[in-house]
Each structure stands twice: as structure tokens, then as C-alpha cells.
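Have a look at the structure below, then the notes.
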Amino acid sequence: MIKDPFLRFSRQLNLEGFDKEKQKLLSESKVFIGGVGGIGGTTAIYLVCAGVKNLKLCHFGELELPDLNRQILMREKKLGSPRVEIAQETLINFCEDLNIEIFKERIDDETVDLMLKDCDLAISARPNFYERLSIAKACLKHNIPMIDGAMYDMFGHVFTMIPYKTACYGCLFEKLPDNWKELDFPVLGAFSGMIGTILAIEAIKVLTNWHEPITGELLVVNGITYEINKIKIKKREKCILCGEKK
């Protein structure tokens, strides 16, 4: 038994403006992560590293060999097992003092409310738009901040939504792409991990009020040139999601 609960986090407690009260906020927060693959899995491990102890994880499907080029919570000896179960086991092996609830089904408008119950933040990292949209709608409904991370090839984006205060997912995508193929996008594991790490940093900001998260902007990352751009995203008055609130 570790007598000093803050000893594990002594290095980050040296950060300017980051104190024991903020560390306590992390330990008491509950975070939903939709997708524990290349992006979401990286986010999950770094949130646990930072001291988040309460997680809800959702991921549909079993581990296949091509998943191992990017999904750092997975293990080759677990091929054929549900990925969300492997993620849970890996995280608990890293830090035993965790409370992790898992969901093995896809996210939709009917299942998402239970998944997000009592959560302080949602991470959106599923490889399709309809599950991301369900998360976004539920976050607006329950007033839960959401951080969305996605990538294609060597380009990635990060988008943070604070319900009814910033532009939302509907403001970002007036019309969702209808030609996206879930398992047909190129990916370098290290780059998906880079996007997942940015999501973890943004999550820590949101959960602890330590520095300002990037809101009202789409962070676009070029993994070839390392150019990072921020595109202003304005709230749309007739947005199909946040524009419906009276």
C-alpha cells in the first residue's frame, strides 16, 4: 500500500499552477471514452497516468492482427478477445486502483445515455461518424463536455465542445460524410497516438480548469510537416444540434 497518494504524481505536481487540489479533481472525475483503439487507447493510458481513476470504456469488436499496429492497450496473445476487455485488463495492470466499467456494444442514441451517466467528460474516438454524432447529441442533452479526436493518413484533428457555450459537433459538421468506410483508412500507429495524447492533455485541462482548452476552434495536425493550425468554428444559429435549444 502506497502511504502517500500524491507520490505517484509528484512530477506533474511540480507543474506551474497544478496542485494537489487539481490532482484530487482528476482522481474524483469520471471519464467516458468511446473507442479504445489507436486514439482512444492512448488517451486512456495517459489519463490513468495522470491520475484519473474512474473510467467508462466502450469498444465494439474483437482484437485482430491489423489492430496491433496502433492500439497500444492490446496484446498479441489476446487475439480474438473483445478489445474493451483487453483495454480494461491492461489499464488495471498499470494501476490497480481503478474503477472501470466497460461496454462491448456499438454506441447509438439508445445505448449512449447509460454509458454517459454520471460522467464529467466524454472522449469521442470511434472510427465512424454516426457513433460520434450519438455521443455529441447525448453530451449536449446531459451538459457534458466532449473532446473529439480523429485522423486519416497523416492528418488529424482535435475538437473540444463545451455544451451551449462553444460551437458543437453539429456546428463543425453541417452534413456528415456519407462515403466514409470504417475499416478502410490508412493509419500510422505513432500518429494516432500523437492525436490521442493531445486529447488527454485537453481532457486534463477541462477536468481541472488548468489552462484553457482549445474551444471554438478545430485543431488540425499535419503529421508529415508538423504544422499545426487552428480553424475558427463559429456556433451556427440553425445548427441541427445546439441550435435547437430555446
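Here the structure is a predicted model, which is why all the values come from computation and not from measurement. This chain uses plain numbering: 1 for the first residue, then up along the sequence.
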With sequence neighbours left out, write down each residue that passes side-chain hydrogen bond (donor to acceptor under 3.5 Å, both in side chains) with Thr111, or none if nothing qualifies. Asp108
Neighbour count >12 (heavy atoms, 6.0 Å) for atom NZ, Lys78: no
Count the heavy atoms of every other residue, nucleotide or ligand shown that sit under 6.0 Å from OH of Tyr46, and state whether that count exceeds 12. no
Taking atom types as modelled, find out whether Gln23 and Gln12 have a side-chain donor-acceptor pair closer than 3.5 angstrom. yes
Can you pull out every ring-ring contact (aromatic ring centres under 6.0 Å, His included) where at least one residue sits in residues 205-224? Sequence neighbours excluded, please. Phe18-Trp210
Given side chains that start at C-beta, do those of [X] and [Y] come closer than 4.5 Å, heavy atoms only?
| X | Y | result |
| --- | --- | --- |
| Glu89 | Arg75 | no |
| Ile204 | Val52 | no |
| Ile45 | Phe94 | yes |
| Cys139 | Leu116 | yes |

How far does OG1 of Thr215 sit from CD1 of Ile147, to the nearest 0.5 angstrom? 11.0 Å
Hey, could you give me the OG1/CD1 distance between Thr42 and Ile72, rounded to the nearest 0.5 Å? 4.0 Å
Would you mind telling me which of Asn222, Val221, Val220 makes a side chain to side chain contact (heavy atoms under 4.5 Å, CB included) with Glu227? Asn222
The single option from Thr166, Leu207, Val206 passing side chain to side chain contact (heavy atoms under 4.5 Å, CB included) against Pro145: Val206
Is it true that [X] and [Y] make a salt bridge, defined as a side-chain N closer than 4.0 Å to a carboxylate O?
| X | Y | result |
| --- | --- | --- |
| Glu28 | Lys53 | no |
| Asp118 | Lys56 | no |
| Glu212 | Lys205 | no |

Applying ring pair (Phe, Tyr, Trp, His ring centres under 6.0 Å) to Phe129 and Phe173, what does each step give before you reach the verdict? CA-CA 10 Å; Phe129 286 97; Phe173 290 106; 5.5 Å; yes
